[in-house]
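Read the structure below first, then the notes.
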Amino acid sequence: MIVTSEDPKRLGRNPMPAGVEVRHRDDLPRSQAELAVTPGVTVLIHDQECAAVQRRKRRRGLRPQPAHKVLINERLCEGCGDAGRSRTACRSSR
């Protein structure tokens, strides 16, 4: 069982059960790959603030605006994931 979080120190205040590892959200892809090859039942919990709450905080000036945004044309998207991996436009939308 792996728990990923933007702020792992916050989760570290409470003792986790044996076998539960807390990691930073930057380790999410590695954690997913690791659990994918692990036999048996695995659990991945991603602890993150709700997107709606983040938007409200941005409108109120309580949270910084993101450095960039990715807009995906759903009619052209093939679901390859390229748009989420880089700041460039998806190949299928060109």
Side-chain angles (χ1 to χ4, degrees):
M1 178 182 259
I2 299 173
V3 177
T4 58
S5 175
E6 191 172 83
D7 185 11
K9 291 177 186 173
R10 182 177 55 83
L11 296 176
R13 291 184 214 146
N14 300 317
M16 291 287 174
V20 176
E21 187 177 346
V22 177
R23 298 179 181 175
H24 192 272
R25 69 180 274 168
D26 292 343
D27 292 333
L28 182 61
R30 182 176 64 91
S31 301
Q32 289 174 323
E34 194 177 304
L35 293 176
V37 297
T38 303
V41 176
T42 59
V43 176
L44 175 64
I45 299 173
H46 182 66
D47 176 56
Q48 182 175 335
E49 187 175 44
C50 172
V53 172
Q54 288 180 12
R55 281 192 301 276
R56 285 186 208 113
K57 285 183 178 181
R58 284 189 188 110
R59 271 184 282 178
R60 295 176 183 149
L62 301 174
R63 189 166 175 85
Q65 292 293 327
H68 65 277
K69 294 181 181 179
V70 177
L71 300 175
I72 300 171
N73 185 337
E74 294 179 16
R75 292 181 296 177
L76 300 174
C77 181
E78 296 174 352
C80 67
D82 281 350
R85 283 193 286 273
S86 69
R87 294 183 193 188
T88 60
C90 182
R91 287 184 204 107
S92 63
S93 64
R94 291 182 183 160

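Please read all numbers here as calculations on a predicted model, not as lab measurements.
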TODO: Could you check if a side-chain atom of Ser5 sits within less than 4.5 angstrom of a side-chain atom of Arg25, using non-hydrogen atoms only?
DONE: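 Not in contact.
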- [ ] Using a 4.5 Å cut-off on heavy atoms from C-beta on, say whether the side chain of Glu21 contacts that of Met1.
- [x]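 No, their side chains stay 4.5 Å or more apart.
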Task: Stepwise side chain to side chain contact (heavy atoms under 4.5 Å, CB included) test for Ile45 and Thr4 - done: CA-CA 6 Å; Ile45 299 173; Thr4 58; over 6 Å; no
Open item on the list: Can you see whether Ser31 engages Arg23 through a side-chain donor-acceptor pair at a distance of less than 3.5 angstrom?
Closed with: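 On atom types as modelled, these side chains qualify, holding a pair under 3.5 Å.
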TODO: Please step through side chain to side chain contact (heavy atoms under 4.5 Å, CB included) for the pair Thr42 and Ile2, ending with a clear verdict.
DONE: CA-CA 8 Å; Thr42 59; Ile2 299 173; over 6 Å; no
TODO: Answer with yes or no whether the hydrophobic clustering places Val20 together with Leu11; edges join I, L, V, M, F, W, Y residues whose side-chain heavy atoms lie under 4.5 Å apart.
DONE: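 Result: yes, single cluster for both.
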TODO: Identify whether Leu35 and Val37 are in the same connected component of the hydrophobic contact network (ILVMFWY, side-chain heavy atoms under 4.5 Å).
DONE: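 Looking at the clustering, Val37 is in a separate group from Leu35.
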Task: Residue pairs, two or more places apart or on separate chains, that pass side-chain hydrogen bond (donor to acceptor under 3.5 Å, both in side chains) and touch residues 51-60 - done: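 Applying side-chain hydrogen bond (donor to acceptor under 3.5 Å, both in side chains) to every pair that reaches into residues 51-60, excluding sequence neighbours, yields Glu49-Lys57.
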Open item on the list: Using 0.5 Å steps for rounding, measure from the NZ atom of Lys9 to the NE2 atom of His24.
Closed with: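 Lys9 atom NZ to His24 atom NE2 measures 9.5 Å (nearest 0.5 Å).
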Open item on the list: Using 0.5 Å steps for rounding, measure from the CG atom of Leu44 to the CD atom of Glu34.
Closed with: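 So the CG of Leu44 and the CD of Glu34 are separated by 10.5 Å.
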- [ ] Return the set of residues passing side chain to side chain donor-acceptor pair (under 3.5 Å) with Gln32 (not counting sequence neighbours), or none when no residue passes.
- [x]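 Side chain to side chain donor-acceptor pair (under 3.5 Å) check on Gln32 returns nothing, list empty.
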